[in-house]
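Data block below; observations after.
Along the sequence shown, residues carry numbers from 1.
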Amino acid sequence: MQTRKFDTAVQELKYQVIKELIRAYDSPEGIGTDIFRDIPVKIMPGPKASLRCCVYKERAILQERLKLAMGGDKDNPNVVEVIDIACDECPVDGIFVTPACRGCISHRCVEACPKGAISIVDKRSVVDKSKCIECGKCAQACPYNAIILQKRPCVLSCKANAIKVDADKKAKVDNDKCVGCGACVYQCPFGAISDKSYILDALEILKNSENNTKYKVYALIAPAIVSQFGYARIEQIVTGMHKLGFHQVVETALGADLTLDHEADELGEKGILTTSCCPSFVKYVKINFPDLYKYVSSTPSPMVMAARLLKAMDETAKVIFVGPCTSKKFEFKSDIAKDSVDCVISFEELQAFLDAREIDVSTLGDTALDNASYYGRIFARSGGITEGVTQLAKERGFEARPVAMSGLEECKKQLLMLKVGKSPYNFFEGMACEGGCINGALCLQHGPKSLSDVNRYGEKAAEKSVENSVKLYKLTKNKGE
């Protein structure tokens, strides 16, 4: 079997844990407490450590990863958790004077500091940590760039300002501010921040279906999947998913077509609208711009729309979403989704699932996918929604002036313009991840190739218009009524 490629060694560790957990589930003995001894030893056999100070710490961290793989802390509603024992390597100096300090006589750093925290000792700048507020003004003033403001990667990555460092120098996630985007999960170099897995729930759903005889299990795949498994065609991945026990694999892009159809109508009625397909963006608006929340589309996300369609066609159906982000893991437990989506797993977890069952998809035949339009498929990348809404608005006789907001920093900028009445736009596409879902935190790979893959996938769609794709939904809805 071909070696799988991940962006980082942290992803590889998560994958190994999930894979071994699935193998334990499949074994005659099933999952017992001995997995907390056996799996860490199997992954980190020792005797020498490969990643940490000692093999015993490596195994202790893997035990914590196993807990997250089994659902994590049940009392913590957030899908993102901190592994405290793994969070101990990042610098905590804040403002740091490097050897590049020349001992210049202008002392601009001293003058710039609003708290008098910098003094000159032996012709070099020295920072008094008891006074420093880490504003960074001294770093900006230094002509040699000799003073730096060190921030942890997790803190830098979190554009919702939800991560702080506690008294023990451990990262802490503020659940009241966290929007579940997972940027910290991907950016933490030590994997100390990670997402909970619901893979055991997915395994139970598949097992209890008794080979889809008691009920049918549908997999909803996010369109970003086409850029993830570079060693095989998407049609082979679908065949592999059937071998895992799914009755049918359906494109979430069909739900995107339904969302486009609804959002275009909403925009025509309301005049100003933001998207609702990214749960992290919606939560960001609700927390940081509550007065703009009225503009958020009432249309459910593509995941929910597609799941509702499946359950309208088969009321006993179980739906498992397979996607690129932590955001969907918290959405499926929300009131709007809980009756439609039964479980969410990531692309990382799908890879582990296939390999645990020793399914080499690169050797399989193709199972065709043809559930969505070009516009539905390009939802995976920033700007895809704006293209679809612009086209539908033109067809329906009104003007859409859209802006694609890629990442929370761009979202903040454009929302501030809307708040003060200075925005020239009337349709705001919000994506928490820069570049869109193709750069979700739980993707196997990130990069420009993902964009080109999604564009090609969109071009291959048999349907080029949204209207034809939503016919099935409308027929099913009318039948239900």
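Between Y15 and F6, the ring planes lie tilted relative to each other; the angle falls in the 30° to 60° range.
The backbone N or O of R401 lies less than 3.5 Å from a partner atom in the side chain of N426, making a donor-acceptor pair. Between the side chain of T386 and the main chain of V403, no donor-acceptor pair closer than 3.5 Å is present. Between the E58 side chain and the L51 main chain, a donor and an acceptor come within less than 3.5 Å of each other. In this structure, R65 contributes its side chain and G191 its backbone to a donor-acceptor pair below 3.5 Å. No donor-acceptor distance shorter than 3.5 angstrom exists from the side chain of K115 to the backbone of I133, with no hydrogens or angles considered. With hydrogens and angles disregarded, no donor-acceptor distance shorter than 3.5 Å links the side chain of T299 to the backbone of T259.
Listed by chain and number, the residues in a ring-ring contact (aromatic ring centres under 6.0 Å, His included) with Y186 are H446 (sequence neighbours excluded). The salt bridge (Lys or Arg N to Asp or Glu O under 4.0 Å) check on E263 picks up nothing, with sequence neighbours excluded.
For the pair K413 and E409, the minimum side-chain heavy-atom distance is 4.5 Å or more. The closest side-chain heavy-atom distance from M70 to L21 is below 4.5 Å. Counting heavy atoms from C-beta on, the side chains of M241 and I359 never come closer than 4.5 Å. Between I234 and I225 there is a side-chain heavy-atom pair separated by less than 4.5 Å. Within the 4.5 Å cutoff, side-chain heavy atoms of L418 are placed close to those of I272. Side-chain contact between D34 and R37: present, with at least one pair of heavy atoms (C-beta onward) separated by less than 4.5 Å. Residues K159 and E410 form no side-chain contact, since every pair of their non-hydrogen atoms from C-beta on lies 4.5 Å or further apart. Within the 4.5 Å cutoff, no side-chain heavy atoms of N78 are placed close to those of F330.
In the model, S197 has a side-chain atom that pairs as donor or acceptor with a side-chain atom of E349 under 3.5 Å. Inspection of the N175 and N76 side chains reveals an N or O donor paired with an N or O acceptor under 3.5 Å. For the residue pair Q16 / E12, a side-chain donor-acceptor distance below 3.5 Å is found, with atom types taken as modelled. In this structure, a donor-acceptor pair under 3.5 Å is present between the side chains of E266 and S298. If you check the side chains of T275 and E429, you find no donor sitting under 3.5 Å from an acceptor. Between the side chains of Q11 and E348, at least one donor N or O lies within less than 3.5 Å of an accepting N or O.
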Just do the salt bridge (charged side-chain N to carboxylate O under 4.0 Å, His left out) check on D38 and R59 with the steps written out, would you?
-> CA-CA 10 Å; D38 296 342; R59 292 171 183 170; over 6 Å; no
Go through the steps to decide whether K169 and D166 satisfy the test salt bridge (charged side-chain N to carboxylate O under 4.0 Å, His left out), and finish with yes or no.
-> CA-CA 5 Å; K169 307 302 182 183; D166 67 11; over 6 Å; no
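With respect to the salt-bridge test (charged N to carboxylate O, under 4.0 angstrom), the residues K129 and E134 do not qualify.
Relative to the ring axis of Y198, K333 places its NZ or CZ within 45° and under 6.0 Å from the centre. With Y284 as the aromatic partner, K412 does not meet the cation-pi criteria of under 6.0 angstrom to the ring centre and within 45 degrees of the ring axis.
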